[in-house]
Student: 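Could you have a look at this structure, given as C-alpha cells, before my questions?
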There are 2 protein chains.
Amino acid sequence: MARAATTSDVFNAIAEPQRREILALLRTGERSVTELAQELGMTQPGASKHLRVLREVGLVRDRRAGKQRLYGLDAGGLRPVHEWTGGFERFWNESFDRLDAYVQDLKQTREAE
Amino acid sequence: MARAATTSDVFNAIAEPQRREILALLRTGERSVTELAQELGMTQPGASKHLRVLREVGLVRDRRAGKQRLYGLDAGGLRPVHEWTGGFERFWNESFDRLDAYVQDLKQTREAE
DNA sequence: TTGACGCATGCCGATATGGGAATATGATTG
DNA sequence: CAATCATATTCCCATATCGGCATGCGTCAA
C-alpha cells in the first residue's frame with residue numbers, strides 16, 4: 001500500500017502547505033480560482049487541483065458566478081483536527097508547569113540564601 | 001515534485017492514522033516498541049518506522065532502558081496545529097449561529113401562526 | 001565469546017503525489 | 001454559431017510513501 005490519498009481525510013488534505021494557504025486566504029472571503037492563483041503565486045491548474053482536494057474533503061464550497069467559480073470556506077471540517085490536537089493540550093501545558101515549578105524552586109532557593 | 005516528506009512537517013507526520021494512534025496511546029505513558037506494536041496490532045518494523053517519523057518531527061522522545069527503547073510523548077509540536085485550526089474556530093461557530101438564527105426564525109413563524 | 005533478545009534498517013512493489021504543459025470543458029458575449 | 005474567457009482535466013515525470021520480509025546492529029546474560 002502507498003500513502004493514503006490526500007482526499008481520504010482532512011488530516012491528509014491539510015498536510016499540503018499551499019492548501020493551508022488557500023484556506024487561510026479564504027477566511028477573508030470568497031475568491032475565484034484565478035484570483036486565488038494570483039494571490040498565492042500558483043498556476044491556475046495548480047490552484048484548481050488543490051481546490052478539488054479541498055472540495056472533496058468538504059473544506060471549501062464552490063458556487064457559480066457568471067463564468068467564474070467562487071470558492072468559499074467551509075471550515076467545519078477542521079474542527080475534528082482542532083479537537084484531536086486539543087486532546088494533547090495538557091501535555092504541552094505540563095511542560096510549562098514543570099518549568100514554572102523549576103523557576104519557583106529557584107526563587108525560593110535564592111531567597112533562602 | 002512529489003508529495004512532501006512525512007518528516008517535513010508535523011502536519012504531514014500526523015496525516016497517518018496509525019501515527020495518530022501511537023500518539024494517542026502514548027498519552028497514557030511510555031512504551032517500548034514491541035509493546036506499542038502489540039497494542040496497536042502492527043508489526044515491529046512497522047511501529048519502528050512510524051516512531052522514526054514521529055521522532056524526526058519531535059513528537060516523541062526515546063530513552064534507552066536496558067535492551068528496550070522507551071518512547072514517550074513530546075506533544076508540544078501539536079500546538080501549532082491546534083492553533084492553526086483554532087484560527088478557523090469562528091467559522092464553524094458561525095455555522096451554528098446561522099442554524100440557530102434559522103431555528104429562531106422558525107419558532108417565531110410558528111408562534112405567529 | 002556466543003546466544004538471545006529488542007529494535008532499526010534495507011530492499012521490494014504498488015501507489016499516489018505535486019508540478020508543468022497542453023488541452024478539454026463550460027459559460028458568456030457578439 | 002463563433003470567439004473568448006474561466007476552470008477543469010489529462011498526461012508525464014520524479015519522488016516519497018507504506019507494508020512485508022529479511023537482515024543488521026546493539027545490549028545483556030551465561
Side-chain angles (χ1 to χ4, degrees), chain A residues 1-23 25-26 29-73, chain B residues 1-23 25-26 29-73:
Chain A
M1 203 182 289
R3 212 201 292 208
T6 56
T7 56
S8 63
D9 213 59
V10 172
F11 283 91
N12 277 282
I14 66 171
E16 237 289 331
Q18 308 211 62
R19 284 197 285 269
R20 292 200 297 278
E21 287 183 33
I22 291 178
L23 293 173
L25 181 55
L26 289 181
E30 290 180 329
R31 309 281 153 120
S32 73
V33 177
T34 307
E35 282 171 349
L36 255 161
Q38 285 183 341
E39 298 191 50
L40 298 179
M42 40 180 131
T43 64
Q44 177 268 312
S48 215
K49 287 172 189 170
H50 284 312
L51 286 166
R52 179 187 168 103
V53 174
L54 293 173
R55 220 187 330 160
E56 290 193 22
V57 298
L59 286 174
V60 299
R61 298 216 169 154
D62 62 303
R63 80 183 166 84
R64 314 204 51 93
K67 28 183 169 179
Q68 296 189 339
R69 185 177 289 260
L70 297 183
Y71 279 88
L73 204 54
Chain B
M1 204 182 287
R3 211 199 294 205
T6 56
T7 55
S8 63
D9 213 60
V10 172
F11 283 92
N12 277 281
I14 66 171
E16 237 289 331
Q18 307 210 64
R19 283 196 286 268
R20 291 201 296 278
E21 288 184 33
I22 291 178
L23 293 173
L25 180 56
L26 289 181
E30 290 180 329
R31 309 282 154 121
S32 72
V33 177
T34 306
E35 283 172 348
L36 254 162
Q38 286 182 340
E39 299 193 49
L40 297 179
M42 39 180 131
T43 65
Q44 177 268 312
S48 217
K49 287 173 189 170
H50 283 312
L51 286 166
R52 179 187 168 105
V53 174
L54 293 172
R55 220 188 329 161
E56 291 192 22
V57 298
L59 287 174
V60 299
R61 300 223 166 151
D62 63 302
R63 79 183 165 85
R64 316 203 50 96
K67 23 183 172 179
Q68 297 190 337
R69 185 178 290 261
L70 297 182
Y71 279 89
L73 204 53

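Hydrogens, waters and symmetry mates are skipped; everything else that's a heavy atom, side chains included, is used. Letters go in sequence order (proteins before strands), and every chain restarts at 1.
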Student: Side chains of A:Leu70 and A:Val33: does their closest heavy-atom pair fall under 4.5 Å?
Tutor: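 No, their side chains stay 4.5 Å or more apart.
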Student: Enumerate the salt bridge (charged side-chain N to carboxylate O under 4.0 Å, His left out) contacts for residues 29-41 of chain B, please, sequence neighbours excluded, ordered by first and then second residue.
Tutor: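 As it turns out, the salt bridge (charged side-chain N to carboxylate O under 4.0 Å, His left out) pairs with a partner in residues 29-41 of chain B, which skip direct neighbours, are B:Glu30-B:Arg63, B:Arg31-B:Glu39.
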Student: Rounded to the nearest Å, what distance is computed from the CG atom of residue A:Leu51 to the P atom of nucleotide C:dG18?
Tutor: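 Taking atom P of C:dG18 as the reference, CG of A:Leu51 is at 13 Å.
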Student: Show every salt bridge (charged side-chain N to carboxylate O under 4.0 Å, His left out) that has at least one partner inside residues 11-23 of chain B, sequence neighbours left out.
Tutor: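 For residues 11-23 of chain B, and leaving out neighbouring residues, the salt bridge (charged side-chain N to carboxylate O under 4.0 Å, His left out) pairs sorted by first residue read A:Asp9-B:Arg20.
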Student: Check the phosphate of D:dA8 against A:Tyr71, side-chain N and O only, distance under 4.0 Å to OP1 or OP2. Yes or no?
Tutor: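 So the side-chain polar atoms of A:Tyr71 do come within 4.0 Å of the phosphate oxygens OP1 or OP2 of D:dA8, strictly under.
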Student: Polar-atom pairs under 3.5 Å, protein N or O versus N or O of nucleotides 1-6 of chain D: list them with distances, or write none.
Tutor:
residue	atom	partner	partner atom	Å
D:dC5	O4'	A:Lys67	NZ	3.4

Student: For nucleotides 9-13 of chain C, tabulate all protein N/O to nucleotide N/O atom pairs closer than 3.5 Å, reporting atom names and distance.
Tutor:
residue	atom	partner	partner atom	Å
C:dT9	OP1	B:Arg52	NH1	3.1
C:dT9	OP2	B:Arg52	NH1	2.7
C:dG10	O6	B:Lys49	NZ	2.9

Student: Could you give the side-chain donor-acceptor pairs of residues 42-49 of chain B under 3.5 Å, partners two or more places apart or in another chain?
Tutor:
residue	atom	partner	partner atom	Å
B:Thr43	OG1	B:Gly46	N	3.0

Student: Rounded to whole angstroms, how far apart are CE on A:Met42 and P on D:dT7?
Tutor: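 Atom-to-atom, A:Met42 to D:dT7, this comes out as 14 Å.
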Student: Check the distance between C:dT25's P and A:Arg64's CZ and give it to me in whole angstrom.
Tutor: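 Distance, rounded to whole Å: 15 Å.
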Student: May I have the distance from A:Leu70 (atom CG) to D:dA8 (atom C1'), rounded to whole angstrom?
Tutor: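 Answer to the nearest Å: 16 Å.
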Student: If you compare all heavy atoms of A:Val60 against all heavy atoms of A:Leu51, which two are closest, and at what distance to 0.1 Å?
Tutor: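 Heavy atoms only, the tightest pair is CG2-O, 4.0 Å.
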Student: Looking at every heavy atom in both A:Ser8 and A:Ala5, which two are closest together, and how far apart are they?
Tutor: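 Closest approach of A:Ser8 to A:Ala5: OG-O, 2.6 Å.
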Student: Quickly work out the B:Asn12 CG to C:dT17 C1' distance and round it to whole Å.
Tutor: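 After rounding, the reported distance stands at 11 Å.
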Student: Output the rounded distance in Å from CD (B:Gln18) to C1' (D:dT17).
Tutor: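 Roughly 13 Å, once rounded to whole Å.
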Student: Sequence neighbours left out, what pairs pass salt bridge (charged side-chain N to carboxylate O under 4.0 Å, His left out) with at least one residue falling in residues 53-62 of chain B?
Tutor: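 Those involving residues 53-62 of chain B are B:Arg52-B:Glu56, B:Arg61-B:Asp74, B:Asp62-B:Arg69.
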Student: Is any side-chain heavy atom of A:Leu23 less than 4.5 Å from a side-chain heavy atom of A:Ile14?
Tutor: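 Yes. Closest side-chain heavy atoms under 4.5 Å.
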Student: In whole angstroms, how far is the C1' atom of C:dA27 from the CZ atom of A:Arg63?
Tutor: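 Distance, rounded to whole Å: 16 Å.
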Student: Rounded off to whole Å, could you give me the CD-to-C1' distance for the B:Glu56 and D:dA16 pair?
Tutor: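 After rounding, the reported distance stands at 13 Å.
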Student: Do A:Thr7 and A:Asn12 have side chains that get closer than 4.5 Å, going by heavy atoms?
Tutor: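 A side-chain contact is absent here, since even the closest heavy-atom pair is not under 4.5 Å.
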